[in-house]
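Worksheet: the structure to be examined is printed underneath.
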Protein chains: 2
Amino acid sequence: MKFSRSSLSMLLAWTCSHVNLATAQCGNSTSPPVNYGMVLFPSFQALDVFGPLDILNMLSLSHPMNLYLIAATLDPVSTAAMSASMNPLNSNFSESIVPTHTFADPPPDLDVLIVPGGLGTRAPAPRLDELIGFIRDVYPSLEYLISVCTGAGLVARAGVLDGRNATTNKRAWAQTVAHGPATNWIGRARWVVDENVWTSSGVSAGMDATLAWVAAVFGEEQADSLALGMEYERVSDPSNDPFADYWGVEDVPPVRVPLE
Amino acid sequence: MKFSRSSLSMLLAWTCSHVNLATAQCGNSTSPPVNYGMVLFPSFQALDVFGPLDILNMLSLSHPMNLYLIAATLDPVSTAAMSASMNPLNSNFSESIVPTHTFADPPPDLDVLIVPGGLGTRAPAPRLDELIGFIRDVYPSLEYLISVCTGAGLVARAGVLDGRNATTNKRAWAQTVAHGPATNWIGRARWVVDENVWTSSGVSAGMDATLAWVAAVFGEEQADSLALGMEYERVSDPSNDPFADYWGVEDVPPVRVPLE
């Protein structure tokens with residue numbers, strides 16, 4: 001019987017989360033993911049990107065890890081609102097991040113891809129086609145895909161959430177779940193795990209999902225250590241989601257099942 | 001009697017936090033700060049910068065605001081560890097942000113300056129001299145100065161914390177408070193306010209300090225609305241600080257009082 005690296009990694013994560021092994025066995029004594037990609041697009045939500053990345057930046061000081069920032073071009077990508085209607089007072093308040101790779105010339109051998117959300121996910125469809133195509137093309141070779149906030153809408157449009165359980169931003173619930181008619185959308189969830197696809201709720205939930213992912217892959221002790229270092233009281237129960245009630249969201253079952 | 005804009009703004013914030021006025025009077029019916037600066041330096045902590053900025057990015061969609069990112073040069077500034085000893089496994093895992101201004105040619109009329117922390121605050125002193133000189137020079141004309149994490153050490157080195165109450169990162173407590181011998185360092189504090197100087201505890205505490213600052217300046221309703229939008233359970237009690245116990249920090253009183 002032969003396992004792919006991806007299958008072994010998922011088996012290890014499952015075993016570590018279901019069996020009370022010593023932490024070292026669930027830590028870095030095997031081969032955790034090394035190559036991480038974050039997609040960027042105009043008008044991304046800053047914390048969707050930098051909540052997870054701050055955690056992984058720190059993790060990379062004790063594990064060998066590489067990060068690739070992937071966008072349409074190598075020009076810096078801005079958080080600025082895409083249209084005047086989104087920024088009615090004409091504020092000049094944004095940050096620009098430098099990509100390392102493009103969708104057309106992506107890094108080889110990605111293990112983990114992170115997909116953030118933000119107002120930019122509402123861009124006219126053609127502007128997001130290349131990004132969505134990249135997610136669709138790269139997903140089969142990934143060990144894990146993690147979406148934050150309305151990034152789940154992009155992942156859904158790539159077909160990756162068909163037949164899966166998932167969640168997304170609670171304020172932008174209706175318009176985001178509309179992108180995944182074949183997805184079982186779970187309303188009360190800080191994050192949802194379905195095989196190797198992790199989807200988080202809105203903005204700051206990306207930090208809790210990332211810490212939970214670190215716990216599953218690198219061990220609980222590692223996740224707790226990172227949270228302590230960043231003085232962050234992490235939500236470790238994925239059903240702890242007061243924002244589901246606040247924003248009044250409900251589960252949305254799939255309306256069609258994809259063909260096998 | 002004549003008030004400066006800064007004095008009026010501080011008086012308004014104080015009044016709003018002590019008197020039960022209608023929110024509109026404590027909201028944007030007066031003139032809140034417009035021009036915000038964030039200093040950047042090599043090996044800054046990503047969440048120290050993007051926690052506060054994500055909040056302010058959203059606020060800028062409903063208030064006229066400008067952001068200036070200020071660094072030693074206009075070259076992108078990286079989160080990468082400064083030295084091999086800080087990154088022993090040689091990970092290639094960092095993000096680079098594009099500045100808009102330099103310390104030598106800063107934006108005019110800054111109202112608010114934010115100073116993040118990170119491993120870069122431990123750089124050899126000469127590398128930080130220009131940044132610290134900039135903080136020293138600009139502080140007298142600011143309405144507010146906000147530090148996050150070990151950024152308090154930079155603000156202390158600029159002399160701004162002399163004779164003030166302040167806090168900082170709890171894990172890096174001892175080495176950071178050493179930079180402020182004339183400061184009254186408060187151990188159990190998610191953040192501390194002393195007149196127009198706000199200092200937060202480590203990393204994620206910058207989000208709670210920023211939301212508390214938004215509450216003081218733009219109104220509680222505005223702060224709560226932003227936290228709900230980012231699905232973030234904010235800490236609104238500044239004495240709620242479990243990390244003080246965890247990291248075993250204690251208050252450090254000033255050992256000398258600056259000359260009047």
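The chains referred to below are lettered A, B, ... by the order of the sequence lines, with proteins before strands, and numbering in each begins at 1.
Among Asn66(B), Ile55(B), Asn90(B), Thr100(B), the residue with the largest count of heavy-atom pairs under 4.5 Å with chain A is Asn66(B). Comparing Leu61(A), Asp208(A), Asn57(A) by how many heavy-atom pairs each has under 4.5 Å with chain B, the most go to Asn57(A). Of the listed residues (Val49(B), Val203(B), Asp54(B)), the greatest number of heavy-atom pairs within a distance under 4.5 Å of chain A belongs to Asp54(B). Of the listed residues (Arg171(B), Met86(B), Gln45(B)), the greatest number of heavy-atom pairs within a distance under 4.5 Å of chain A belongs to Gln45(B). Chain A forms the most heavy-atom pairs under 4.5 Å with one residue out of Gly51(B), Ser94(B), Ser60(B), Pro64(B), and that residue is Ser60(B). Taking Arg190(A), Met38(A), Glu95(A) one by one and counting their heavy-atom pairs under 4.5 Å with chain B, the maximum is reached by Glu95(A). Taking chain A as the reference chain and counting heavy-atom pairs below 4.5 Å, the highest number among Pro99(B), Ser78(B), Ala80(B), Ser96(B) is found for Ser96(B). Note on Ser201(A), Ala205(A), Pro88(A): by heavy-atom pairs under 4.5 Å with chain B, the leading option is Ser201(A). Of the listed residues (Leu119(A), Asp241(A), Leu53(A)), the greatest number of heavy-atom pairs within a distance under 4.5 Å of chain B belongs to Leu53(A). Of the residues considered (Leu47(A), Leu56(A), Val98(A)), Leu47(A) shows the highest number of contacts with chain B, using heavy-atom pairs under 4.5 Å.
At a 4.5 Å heavy-atom cutoff, Leu59(A) makes no contact with chain B through either its backbone or its side chain. Proximity to chain B (any heavy atom under 4.5 Å) is restricted, for Pro242(A), to the side chain, taken from C-beta onward. At a 4.5 Å heavy-atom cutoff, the contact between Pro76(A) and chain B is made by side-chain atoms alone. Contact of Thr79(A) with chain B is made through the side chain alone, with heavy-atom distances under 4.5 Å. With a 4.5 angstrom heavy-atom cutoff, Leu69(B) touches chain A only via side-chain atoms. In this structure, the portion of Phe243(B) lying under 4.5 Å from any heavy atom of chain A is its side chain and not its backbone. Heavy atoms closer than 4.5 Å to chain A are found in the side chain of Tyr246(B), but not in its backbone.
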- Message: Under the criterion side chain to side chain contact (heavy atoms under 4.5 Å, CB included), I'd like the reasoning laid out for Trp173(B) against Trp247(B): C-alpha separation, chi angles, the key distance, then a yes or no.
- Response: CA-CA 9 Å; Trp173(B) 185 251; Trp247(B) 294 109; over 6 Å; no

- Query: Stepwise, does the side chain to side chain contact (heavy atoms under 4.5 Å, CB included) test hold for Phe103(B) with Val39(B)?
  - Reply: CA-CA 9 Å; Phe103(B) 300 129; Val39(B) 299; 4.0 Å; yes

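In this structure, Ser147(B) contributes its side chain and Thr199(B) its backbone to no donor-acceptor pair below 3.5 Å. Side chain of Lys170(A) to backbone of Gly248(A): no donor-acceptor contact under 3.5 angstrom is found.
Residues passing the ring pair (Phe, Tyr, Trp, His ring centres under 6.0 Å) test with His179(B), sequence neighbours excluded: none.
The aromatic rings of His101(A) and Tyr68(A) sit perpendicular, their planes meeting at an angle over 60°, well past the 30° parallel limit. Ring geometry for Phe50(B) against Phe50(A) counts as parallel: the plane angle stays under 30°, on a 0 to 90° scale with 60° as the upper cut.
Here the closest non-hydrogen pair linking Trp191(B) and Ala209(B) is CB-CB, 3.8 Å. Between Tyr232(A) and Leu211(A), the closest heavy-atom pair is CD2-CD1, 3.7 Å.
Between the OG atom of Ser200(B) and the CH2 atom of Trp198(B) there is a distance of 11.0 Å, given to the nearest 0.5 Å. To the nearest 0.5 Å, atoms CD (Glu143(A)) and OH (Tyr36(A)) are separated by 8.5 Å.
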